[in-house]
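Hydrogens, waters and symmetry mates play no part in the numbers below; they use all other heavy atoms, side chains included.
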Amino acid sequence: DARSTMRSVRREPSVLHLDLDAFFASVEQRDKPSLRGKPVVVGGLGQRGVVATASYEARVFGVRSAMPMHEARRRCPHAAFLAGRFGAYRAASRQVMDVLHRLSPLVEPLSASAAVVHTTFDNPALSDDKEWLAVDYFAGSPFKDNVYVTWTLFDFSCGPDQVEYCESPIFFSRSTDGGVNWSEAIDISGSSPVCNFGDLFDPTEDPHSCNFSQASYPLVGPDGTIYVAFNNSNTSPEAAVIDGIAQQLVVKSTDGGLTWTAPVKIGDDFQTQPYSIPGHVLPNGCPDFRPCLPPNGYRADGNHFPSLGIDNNTGKLAAFWSDFRNGGPCAIDTSLGVPVPVEPCADHNNDVFVAISNDGGATWGPTRQVTGGGAAAQWQPWGDVGENGKLYVAYYDRRYGDCEASGCNDITLASSTNGTAWQRRRITTSSMPNLTCENNPAQCGFLGDYMGTIYWKGVVHMAWGDTRGRDVGGVPEEDVYYAR
């Protein structure tokens with residue numbers, strides 16, 4: 001059968017890319033015999049619609065995917081123009097995927113009509129991480145309905161054995177047809193005088209490349225401008241290796257992602273929380289070589305990940321993150337060749353910060369503290385700017401009850417009109433218990449790297465990971481919670 005034939009021919013691990021060409025149109029012709037042998041065009045039928053799929057009969061007249069629908073009508077006025085039946089397309093796609101799963105357990109669908117089937121990764125030195133999507137939904141944007149994705153590409157091909165860290169730039173791709181097709185991925189983290197040591201691990205790199213980056217956050221403005229904020233460690237060899245004072249950067253594109261500005265610095269990011277390293281292992285499941293905020297064992301990388309918000313009326317931008325500039329001091333260990341903060345620390349006073357730009361991200365105002373005084377940890381924020389001009393940011397908070405000592409957490413929402421004076425409100429109705437390896441060995445050490453906050457039509461929406469869980473015998477476990 002087909003499986004035995006494949007086994008006899010494919011003696012080496014391989015990757016098979018399968019693309020179902022003219023898929024939507026073919027499903028229509030399959031289900032409607034009157035359309036067989038005739039030109040069929042599927043897509044948006046409105047004035048700004050685009051072609052999703054064209055049958056081979058329509059392609060003879062020059063109709064192709066992503067073409068404006070009015071141009072397709074001009075070239076092939078006698079075609080059948082259909083808005084699409086995506087339920088039927090998904091059902092047909094599932095049938096194809098079922099066949100592929102008989103050949104390999106590793107099937108990665110890319111869309112309803114395309115998938116990557118592989119039995120080994122093409123390049124084990126490369127790793128994609130922290131993918132994030134943004135959609136241009138603004139009626140006045142020249143790029144309305146475009147979909148954008150950004151992510152980090154980790155390269156571990158340096159060193160004598162070509163398995164050591166080289167770089168981690170930010171990559172970008174866009175779709176102009178609702179996610180059916182995507183552009184070739186491009187590096188958008190760029191180079192800038194604010195970045196240094198880009199050649200630290202690979203001497204062929206630009207010294208000013210901003211290539212030690214992570215955790216990109218894409219945002220679309222009402223005029224179609226794309227902003228991407230990300231965390232960057234091209235500030236010192238220590239920051240590049242494990243910890244130090246890093247920075248938040250932003251790039252933007254005004255032409256739908258075709259070209260990008262050089263990175264602009266938003267503000268400093270103090271990545272100086274205590275780390276779990278050999279000889280200084282942190283409790284409650286904190287992963288090796290990761291920062292944590294004891295008594296929580298959740299890795300604290302998400303502390304540093306920036307989020308962006310924009311006032312759709314004025315274009316005011318705000319970037320939110322948290323860091324350890326007010327915490328400690330902690331003991332220092334030098335066994336790894338660079339100074340690494342470890343326990344004991346005087347305190348774990350992590351705080352949330354914001355910076356504002358009123359000129360489209362070209363310059364940024366001073367970094368201002370969102371959280372109040374005291375030595376409790378507040379971490380992993382997510383913020384937005386409302387159409388009313390106010391700033392909103394939600395974050396994990398250990399200042400309630402005995403949480404700083406016990407490791408329980410709550411969610412606080414802070415709001416401000418100017419970034420200097422803040423009102424704070426406790427959102428959770430009870431504290432989340434500290435999830436440890438003793439009470440939940442399956443989930444200890446991680447509570448996610450993200451939460452979510454968005455202002456929409458006068459309402460603030462929040463989502464986060466929560467350890468209160470469901471009724472599982474009183475054992476803390478992780479679930480997603482939502483409030484508005």
Using modelled atom types only, decide if a donor and an acceptor are shared between the side chain of [X] and the backbone of [Y] within a distance under 3.5 Å.
X: S173; Y: V149; answer: no
X: N234; Y: N196; answer: yes
X: D384; Y: I454; answer: no
X: S55; Y: V40; answer: yes
X: K252; Y: G360; answer: yes
X: Y455; Y: N388; answer: no
X: S192; Y: C195; answer: no
X: R75; Y: G62; answer: yes
X: R36; Y: R30; answer: yes
X: S65; Y: A52; answer: yes

**Item:** Pair L82-L35, side-chain contact (heavy atoms from CB on, under 4.5 Å): steps then yes or no
**Value:** CA-CA 11 Å; L82 307 175; L35 297 178; 4.1 Å; yes
**Message:** With side-chain contact (heavy atoms from CB on, under 4.5 Å) as the criterion, how do L317 and L219 come out once you've worked through the C-alpha distance, each side chain's angles and the decisive distance to 0.1 Å?
**Reply:** CA-CA 10 Å; L317 288 164; L219 174 75; 3.9 Å; yes
Using 0.5 Å steps for rounding, measure from the [atom1] atom of [X] to the [atom2] atom of [Y].
X: I356; Y: T363; atom1: CD1; atom2: OG1; value: 12.0 Å
X: F212; Y: S189; atom1: CZ; atom2: OG; value: 11.0 Å
X: L153; Y: S213; atom1: CG; atom2: OG; value: 11.5 Å
X: L447; Y: W464; atom1: CG; atom2: CH2; value: 12.0 Å
X: D155; Y: E167; atom1: CG; atom2: CD; value: 5.5 Å
X: D269; Y: Q247; atom1: CG; atom2: CD; value: 9.5 Å

**Prompt:** Taking the inter-plane angle between the rings of F305 and Y450 on a 0 to 90° scale, is it parallel (under 30°), tilted (30 to 60°) or perpendicular (over 60°)?
**Reply:** tilted
Side chains of [X] and [Y]: is there a donor and an acceptor less than 3.5 Å apart?
X: N303; Y: S322; answer: yes
X: N409; Y: W379; answer: yes
X: Q369; Y: N326; answer: yes
X: N146; Y: T176; answer: no
X: N313; Y: E387; answer: no

**Message:** Would you say the rings of Y165 and F201 are close, in the sense that their centroids are separated by under 6.0 Å?
**Reply:** yes
**Request:** For this output row, return yes or no: ring centroids of Y148 and W260 closer than 6.0 angstrom.
**Result:** no
If we only count heavy atoms from C-beta on, is the [X] to [Y] side-chain gap below 4.5 Å?
X: N312; Y: F138; answer: yes
X: S416; Y: R368; answer: no
X: N231; Y: Q248; answer: yes
X: P39; Y: H78; answer: yes
X: R325; Y: D351; answer: no
X: V251; Y: C210; answer: no
X: F171; Y: D128; answer: no
X: R290; Y: D301; answer: yes

**D397 and its side chain to side chain donor-acceptor pair (under 3.5 Å) partner, picked from T371, T428, T412** = T412
**Request:** Identify the residue among W132, Y227, F172, W151 that makes a side chain to side chain contact (heavy atoms under 4.5 Å, CB included) with P218.
**Result:** W132
**Request:** Pick out which of T367, V370, V393, V352 makes a side chain to side chain contact (heavy atoms under 4.5 Å, CB included) with W321.
**Result:** T367
**Request:** Mark yes when over 12 heavy atoms from residues, nucleotides or ligands other than K38 sit less than 6.0 Å from its NZ; otherwise mark no.
**Result:** no
Minimum heavy-atom separation for [X] and [Y], please, with both atom names.
X: L258; Y: D255; value: N-OD1, 3.1 Å
X: P142; Y: D223; value: CD-O, 3.5 Å
X: P306; Y: A215; value: CD-O, 3.7 Å
X: S307; Y: P381; value: OG-O, 4.3 Å
X: G389; Y: D311; value: CA-OD2, 3.4 Å
X: S93; Y: F23; value: N-CZ, 3.7 Å

**Asked** E57 and Q29: side-chain contact (heavy atoms from CB on, under 4.5 Å), yes or no, with the steps?
**Response** CA-CA 11 Å; E57 295 83 359; Q29 291 175 322; 3.3 Å; yes
**Request:** Apply side-chain contact (heavy atoms from CB on, under 4.5 Å) to V51 and E71, showing your working.
**Result:** CA-CA 9 Å; V51 175; E71 177 64 17; over 6 Å; no
